[in-house]
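Reviewing the structure listed below.
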Amino acid sequence: MSPAADSRQELKELLKRLRAERPTIVEAATTRSNAQRATRRVIKIELAKGPATVPALASACSLPSADALWHIAAMRKYGELVENGQDGDYCLYRLTPNDEGSD
Amino acid sequence: MSETPRFDALVIGAGIAGLQAAVDLADQGFKVAIVERDPSIGGAMIALSKVFPTLDCASCITTPKMAAVARHPNITTFTYTEVLSVGRAGDRFVASVLSKPRYVDEEACIGCRKCEYACPVEVVDEFDGRLGARRAAYIPFTTAIPQTALIDADNCTLCGACVRACPTDAVVLDQRPREWQLEATAVVAATGWKLTPVGAKPQYGGGEITNVLEPTQMERLLAPHGPYGRVIRPSDGKIPESVAYVQCAGSRDQTLGVSYCSRVCCMYAIKQAMLLSGSLPIADITIYYMDIRAFGKGYEEFYRSAQAMGIEFVKGKVARLTENDDQSVTVRVERLDQFGQVEERRHDLVVLSLGMLPGEDVRQRFDLEVAEDGFVMTPQPKDAPCRTTVDGIFVAGTASGPKDIVDTIVEAGAAATEASLYISKMIAAAETATAASSADVTSPAADRVEVKV
Ligand SMILES: Cc1cc2nc3c(=O)[nH]c(=O)nc-3n(C[C@H](O)[C@H](O)[C@H](O)COP(=O)(O)OP(=O)(O)OC[C@H]3O[C@@H](n4cnc5c(N)ncnc54)[C@H](O)[C@@H]3O)c2cc1C
Ligand code: SF4
């Protein structure tokens, strides 16, 4: 086996061993992460239609508005989204070009 | 020879008090270990926006101090490491410490954040007042020292993305916690403060009203790299038209067991109100207060400028906060300046000016006596305010009681001076004993073991 394949195999075994050591924590973390990624997909589909405010996004995605804002904050931090002017008392957000239509 | 690393001084906590005490001791030639339980040094101050009364950027003051500690040849910094106990062993102190696993090799990590960008898991970010997000593999904040990643095992799905992304093979997912010991001649306890709980008063919503914030959350909203990049309300992102502060929300209140004044709340509320008038120029800002305590140099003038800027100060007792359907908050106040008349006003955001509690259980961990307020007891408050009930252990900053940054820094300098005199006395005593017995006994400073940062 090549050194790269060797280390891929080692990593696989390590992850397997650690999963067996802390199954409950990993399972709970995976469930949370999957739910969060599903929500993120819906948000991205909605934003791909055009800029939106937090309340508009929340209602389109059937999310509590505080949760929608949290996703907006996360996406802004990691460069997936930017502010795009204002609509009344609310900021509008739009996907950054790389993320438009993705997912 | 013992494997236990030895230092002249151990500084517990790397907030602004610990950083200042460590540098002051190290500049005098003493070998210092500074131990911080968080993944970065900097303490509470590094998360503040700007500081009263000068309105300097908090990070601009804290970051150089953090760098001075990290680079000092006489200081060894241990982060993500907690001091569990301190006990006396002859003329030294022995501290038991717990180094928590980062799951990242500190030597190998170059802080490139590739693990963070690859990580698919996002969780609530404590540094941003639980308002923003971070990944499960992360560097705590932009100016963190060390710039070393860590992996949050409670949220890690063991997908292996961080391992594959790291260019230096620094991710070590099977790291374990390590309990070890270190020895020091003197100790400076700079264990800081924590906020009184936001949910303590049911009449203020018991922590359940989304737009009732902790003051540290408002610090993050006002910070240039805050969670939303601007001040908006956490319930729905509305740009607030009206913000209120409720003073003494966690202090001077027998029912909460906090009868003392936390000293900084009036000033931080005025500071935040002034910063808000800058970032929300058309918003109404109200401070509900019983007394304004502007105790320091330039503080009264600071208060006056806030009044001149149009911030409304309402003297009254806030009886209740209730959430409305539009997620605004109604403040019910008994106006002391209008013969006790009861008034109700709506605000988009309300900040509770919470008080300070001790940041660590020093009685249990370090065998230090505490005063009635729970903070470290200083038996000679007038002539030696940094001495504790244990000879050789000194206290600095908010560990001995609520105080602002100016007083914290002054006290940290004083604690370093007291500790330095104590260490010198111990060295002299060891040398005298050596001379008397002609035995080959080394001084505390000379026989220390070099350890890696
Ligand atoms: C909302 C708010 C705004 C404020 N704004 C201002 C301002 O504008 N100007 C001003 O002058 N003051 C301000 N203050 C006050 C200021 O924050 C404090 O004066 C300052 O943070 C005190 O620093 P410290 O080092 O004593 O404590 P901390 O910053 O709390 O540092 C203590 C450190 O010790 C560590 N620690 C504790 N126990 C252990 C252990 N067992 N092992 C290892 N590490 C340990 C902690 O993790 C922490 O990092 C404000 C306070 C608040 C609440
Ligand atoms: S652990 Fe690796 S990928 Fe993550 S910041 Fe350090 S060097 Fe970069």
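Within every chain, numbering begins at 1; the chains are lettered A, B, ... in the order of the sequence lines, protein sequences first and strands thereafter.
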> Do any of residues 154-163 of chain B have a heavy atom less than 4.5 Å from a heavy atom of chain A, and if so, which, in residue order?
Replying inline: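 If one takes a 4.5 Å heavy-atom cut-off, the residues of residues 154-163 of chain B near chain A are Asp154(B), Asn155(B), Cys156(B), Thr157(B), Leu158(B), Cys159(B), Gly160(B), Val163(B).
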
>> Give the interface residues of residues 125-136 of chain B toward chain A, defined by a heavy-atom separation under 4.5 Å.
In response: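 Against chain A, the residues of residues 125-136 of chain B that fall inside the cut-off (heavy atoms, under 4.5 Å) are Asp125(B), Leu131(B), Gly132(B), Ala133(B), Arg134(B), Arg135(B).
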
Would one find more than 12 heavy atoms of other residues, nucleotides or ligands at under 6.0 Å from atom [atom1] of [X]?
{"X": "Lys201(B)", "atom1": "NZ", "answer": "yes"}
{"X": "Lys114(B)", "atom1": "NZ", "answer": "no"}
{"X": "Glu21(A)", "atom1": "CD", "answer": "yes"}
{"X": "Glu312(B)", "atom1": "CD", "answer": "yes"}
{"X": "Asp326(B)", "atom1": "CG", "answer": "yes"}

Which atoms of [X] are under 4.5 Å from chain B, going by heavy atoms: the side chain, the backbone, both sets, or neither?
{"X": "Leu15(A)", "answer": "both"}
{"X": "Leu18(A)", "answer": "both"}
{"X": "Ser33(A)", "answer": "side chain"}

Under 4.5 Å heavy-atom distance to chain A, tell me which part of [X] shows up: side chain, backbone, both or neither.
{"X": "Leu173(B)", "value": "both"}
{"X": "Pro240(B)", "value": "neither"}
{"X": "Val123(B)", "value": "backbone"}

State, yes or no, whether a side-chain contact exists between [X] and [Y] at a heavy-atom distance under 4.5 Å.
{"X": "Cys109(B)", "Y": "Thr168(B)", "result": "no"}
{"X": "Tyr90(A)", "Y": "Lys238(B)", "result": "yes"}
{"X": "Met309(B)", "Y": "Ile285(B)", "result": "no"}

Testing the basics here: between [X] and [Y], what is the closest heavy-atom pair and its distance to 0.1 Å?
{"X": "Glu122(B)", "Y": "Tyr78(A)", "result": "OE2-CD1, 3.7 Å"}
{"X": "Tyr103(B)", "Y": "Ile151(B)", "result": "CD1-O, 3.4 Å"}
{"X": "Gly226(B)", "Y": "Arg76(A)", "result": "O-NH1, 4.0 Å"}

> If we ignore angles and hydrogens, is there a donor and acceptor under 3.5 Å between the side chains of Arg233(B) and Ser328(B)?
Replying inline: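 There is no such pair between these side chains.
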
> Roughly how far, to the nearest 0.5 Å, is CZ of Arg220(B) from CZ of Phe141(B)?
Replying inline: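 Nearest 0.5 Å value for the CZ-CZ distance: 9.0 Å.
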
> With respect to chain A, which residue among Arg230(B), Glu241(B), Gln327(B) yields the maximal number of heavy-atom pairs within a distance under 4.5 Å?
Replying inline: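 Going by pairs under 4.5 Å, I would pick Arg230(B).
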
>> At a heavy-atom distance under 4.5 Å, which candidate from Glu27(A), Arg8(A), Gln36(A) has the highest pair count against chain B?
In response: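 Among the listed options, the one with the most contacts to chain B is Gln36(A).
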
